[in-house]
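Scope of the values below: all heavy atoms of this structure, side chains included, with no hydrogens, waters or symmetry mates. Just so you know, ligand 1 is whichever comes first in the structure, and atom 1 is the first atom listed for that ligand. The residues of the chain are indexed from 1 along the displayed sequence.
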Amino acid sequence: MDSFVNMLNEHQIPFRKDCTLAELSTFKIGGPVEYVFYPESVIQCRALIQLSRDQGKKLVYLGNGSNILGSDAGCEEWILKTDRLDEIRLSNDGVMTVGAGIKTVKASSFAAKSGFSGLEFAHGIPGTVGGAVFMNAGAYGGAMEQIVLRTHYLDDNGNEQILEGKDHQFGYRKSFFIQHPEYLIVSVDLQLKKGDSAEIYSLINDLQQRRRDKQPLEYPSAGSTFKRPEGYFAGKLIEDSGLKGFRIGDAQVSEKHAGFVINRGHATGSEVRQLIKHIQKTVQENYGVELECEVRYLGSE
Ligand SMILES: Cc1cc2nc3c(=O)[nH]c(=O)nc-3n(C[C@H](O)[C@H](O)[C@H](O)COP(=O)(O)OP(=O)(O)OC[C@H]3O[C@@H](n4cnc5c(N)ncnc54)[C@H](O)[C@@H]3O)c2cc1C
């Protein structure tokens, strides 16, 4: 394996060895990962796809890890973290090109400061732009699908590809990329509209306040645990089932917002999964509604 480290060094690819999924996720849960890579360019991403394949290893792509639940056993795959794919530029016609690893909060602030509207909804979403395109993240009536023009990605052979408009197959928390987790989003072109900075900031502040009032931001979590079932609100179904505050070990249904499962300190992946199954079963029995998990599992069960 020393020769592998030599190859990483030859390509000047920053990496960490022997990490945990807990360190890489906002849920702060999950066991060991052998390698985490932090490529700084598309060329380095391409090299990593090739090098990992040569070592017989699969790569998993992660942004800020704000929508994942790591397994206690960790994951066999190696992780490519997009943090350093961090270009950001905005042209006069409102087309903003953003590296996959830029946090949505930063992209939203950048747009607001430049007097462009369209990303206000994303300001409080604690992920990256790459993760937001993958998930078609959305909030308060806004969603990535409303602003994504095109996505630049690498396929599983490391070839550069471009996806345009409708080909993203966006739907509620759905995208082309969810069907193709083997593809790496490297950057995204967003179409924003000229607006008034003061109004944009005022909307951002208002939405931030609504989050602080309603969401348990003081605890580690992965946001809303479940997708919104058609015609219902997951949080209300869970609350009406008497599960607010219910806990298994340190995994708890938030007392502030029943749609969130939170980590009270030392929750394990197994406790969270048990809690999720318990919620799904209870809501199914009480209301006949199937709750689909929005949080994505990472690693072996
Ligand atoms: C407190 C809190 C509030 C939240 N509020 C919202 C909300 O209002 N609306 C909402 O939609 N979500 C919300 N979320 C969930 C989460 O922040 C979003 O889903 C976010 O878009 C995930 O981005 P990420 O970079 O963290 O992705 P990650 O969690 O790192 O990854 C999520 C998935 O995307 C894939 N992925 C990530 N980056 C790439 C890439 N560059 N190329 C290919 N695949 C990639 C990963 O493999 C994984 O399957 C919230 C989460 C928290 C903790």
Distance-only donor-acceptor check, side chains S66 and N64, under 3.5 Å: no
F134 ring center within less than 6.0 Å of F177 ring center: no
Ring centers of F4, Y35 separated by less than 6.0 Å: yes
Side chain to side chain, Q208 and H123, heavy atoms closer than 4.5 Å: yes
Main-chain N/O of G259 paired to H257 side chain as donor or acceptor, under 3.5 Å: yes
Whether S197 side chain and A112 backbone form a donor-acceptor pair below 3.5 Å: yes
Close residues, ligand 1: non-hydrogen atom nearer than 4.0 Å: T26, Y61, L62, G63, N64, G65, S66, N67, I68, T82, A100, I125, P126, G127, T128, G130, G131, A132, F134, M135, A137, G138, A139, R173, Y183, L184, I185, R211, Q215, L217, S221, A222, G223, R296
